[in-house]
Amino acid sequence: MFPNHKKCVLNFSCLQYVFNLKTFNLIILFLFMGLLLTHAQEQHRPKVALVLSGGGAKGLAHIPLLQTLDSLGIVPDMVIGNSMGSIVGGLYAMGYSGDSIAQIAHSADWDKLMGGTISMRNVGVEEKSEFNRYLVNFDRQNGKIKVNPYILNDHYLRVFLTDLTYPVRNITDFDELPIPFRAVATDIVNGKEVILDNGNLTQALRSSMSIPGVFYPVPYQNTLLVDGGVLNNFPVNIAKDMHADIIIGSDVGGGMEPRERLNDITTLLFQTGMLHSNLRNPENRVFCDILLDHVPNLTYSTGDFNHGDVIYEEGKIATFSNLDTLSALAKRLQPFHHETPHLPQMTDSVVLDTVIYRRISKANMSLVRARTDLVAHKKYAKRDIFDRFDRAMGTTLFSHITFDPYKEKKIWPYP
């Protein structure tokens, strides 16, 4: 009996040894997984910012960079833009692809957008004989003659931006866009930089590119907003303040013009109006980890939208010269998953729950209501609504009309 008992003890010891070995291996495995998790947490995805400068038509040179970011799979964590850079950057933050933005820029009627007048078919019979006959228009307010403080009418530009931003019409916090976004404008009353991070996206984009004397200033709270380029045309410092780890900057601004190029009124006015911004441009460039300097490659100026296709092609030069650096960044970001932004789904029609008219005199209200002919609880196509406001502009009673759909809670305080 004794040998059998010894054998039983021996078998029990073997089972215990096997069990302890498995337990030890599991402990090692859990420790290893914990170390990997800790390492992954330490190696967090760097926060990437994309900053696009202002520059009017020259801002179309930003577009090849967006297409390259798409092709490399680089998704910025924030987009910051000024003036034309805010238009291009705002669309990108909404979820438009670089290719889509290129197509929008190519097909846009820039002559119409940059001050085009209302079609004669939208002008009332009583106004046709006087419509668009004069270079300068005057308004009469409180018995006094007032010259309009702008050169170009922005009606079609507002419609264009309203149309493009329609998919995010219900988003008022710009952090909730597919890519968080900031537009830069200037408080012309108090001389302060304004960073727009909420409200109506159309109005934010329009404010950021409101070139003083060219477009009407945009009312905002208790002040007026003009182009952000007055104080900060290439707002890289904002990305720094938002704790960006890597900043990709695309600059088409050009900084200070040399003496020999200050030979016409337009160049002199732009140099004067953007003096402060141009002086701070070098320090903003230093903040960039990847800087696309388009200035040496651009042959056209701020207002040359008719040469947009050439400017777009010239934008490829600085983009391709930075391709190796951008590819290295894409490789660095590869271990970190980041969803590709998409434009929110939308329908082409909307049902208006309520129609509100503001700042229209009693004498003109019936005419405006008749021209717009909008009623509550009826479905309208997007294009139909735009046409109705064209008809209202055709009365020649207004320098501009602001309109937008909004929810009950509204952040941007319209006048």
Side-chain angles (χ1 to χ4, degrees), residues 86-87 90-97 100-101 103-104 107-109 112-113 116 118-119 121-122 153-179 181 183 196-209 218-220 341-360 364-395 397-398 400-415:
S86 73
I87 304 296
L91 296 180
Y92 197 60
M94 283 177 55
Y96 284 97
S97 67
S100 297
I101 297 171
Q103 182 57 40
I104 291 168
S107 59
D109 185 345
K112 183 177 178 180
L113 296 176
I118 297 297
S119 169
R121 68 182 175 84
N122 290 317
N153 190 291
D154 69 344
H155 173 72
Y156 281 121
L157 178 61
R158 288 174 181 269
V159 171
F160 178 72
L161 295 177
T162 301
D163 189 11
L164 292 175
T165 59
Y166 180 77
V168 295
R169 62 195 180 279
N170 293 325
I171 295 178
T172 55
D173 182 349
F174 297 167
D175 282 339
E176 295 179 3
L177 293 169
I179 302 175
F181 174 67
L196 300 170
D197 59 4
N198 68 73
N200 178 278
L201 183 59
T202 301
Q203 295 288 45
L205 301 183
R206 171 63 185 80
S207 302
S208 184
M209 68 169 298
V218 177
Y220 174 75
H342 295 287
L343 199 64
Q345 294 294 318
M346 63 172 182
T347 59
D348 190 52
S349 60
V350 62
V351 176
L352 302 178
D353 296 316
T354 309
V355 181
I356 302 172
Y357 295 89
R358 303 181 65 184
R359 297 192 68 192
I360 299 173
N364 294 325
M365 181 63 78
S366 59
L367 177 59
V368 173
R369 285 183 181 275
R371 286 294 181 92
T372 56
D373 191 26
L374 293 170
V375 296
H377 311 299
K378 181 178 178 181
K379 183 182 288 187
Y380 294 95
K382 206 174 32 164
R383 185 66 259 170
D384 188 29
I385 294 177
F386 297 155
D387 287 342
R388 290 163 187 265
F389 279 96
D390 283 354
R391 293 203 297 270
M393 281 293 292
T395 62
L397 293 171
F398 309 101
H400 61 277
I401 296 177
T402 298
F403 60 97
D404 69 286
Y406 63 92
K407 289 184 176 180
E408 185 176 350
K409 182 181 179 182
K410 189 173 182 182
I411 298 177
W412 190 290
Y414 291 103

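Just so it is clear, the structure is predicted and the values come from calculations on it, not from any experiment.
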Are any side-chain N or O atoms of [X] and backbone N or O atoms of [Y], one a donor and one an acceptor, separated by less than 3.5 Å?
X      : Y      : result
Ser208 : Ala204 : no
Arg169 : Tyr166 : yes
Tyr96  : Ile104 : no

Does [X] reach the side chain of [Y], with side-chain heavy atoms less than 4.5 Å apart?
X      : Y      : answer
Gln203 : Thr162 : no
Ile171 : Leu201 : no
Asp387 : Tyr380 : no
Arg388 : Asp373 : yes
Leu164 : Leu205 : no

For the [atom1] atom of [X] and the [atom2] atom of [Y], what is their distance to the nearest 0.5 Å?
X      : Y      : atom1 : atom2 : result
Ser100 : Leu343 : OG    : CG    : 8.0 Å
Phe160 : Lys112 : CZ    : NZ    : 11.0 Å
Tyr220 : Leu196 : OH    : CG    : 5.5 Å
His377 : Leu352 : NE2   : CG    : 10.0 Å
Leu367 : Thr372 : CG    : OG1   : 9.5 Å
His155 : Phe386 : NE2   : CZ    : 9.5 Å

- Message: Please determine whether side-chain contact (heavy atoms from CB on, under 4.5 Å) holds for the pair Thr165 and Asn200, giving the CA-CA distance in whole Å, both sets of side-chain angles, and the decisive distance to 0.1 Å.
- Response: CA-CA 9 Å; Thr165 59; Asn200 178 278; 5.9 Å; no
Nearest heavy-atom neighbours spanning [X] and [Y]:
X      : Y      : answer
Val218 : Arg206 : CG2-NH1, 3.7 Å
Ala93  : Phe181 : CB-CB, 3.7 Å
Pro178 : Met94  : CG-O, 3.0 Å
Ile101 : Tyr92  : CD1-N, 3.7 Å
Val355 : Val375 : CG2-C, 4.1 Å

- By salt bridge (charged side-chain N to carboxylate O under 4.0 Å, His left out) - contacts of Arg369 (at least two apart): none
- Passes side-chain contact (heavy atoms from CB on, under 4.5 Å), Met209 versus Leu157? Steps please. CA-CA 11 Å; Met209 68 169 298; Leu157 178 61; 3.9 Å; yes
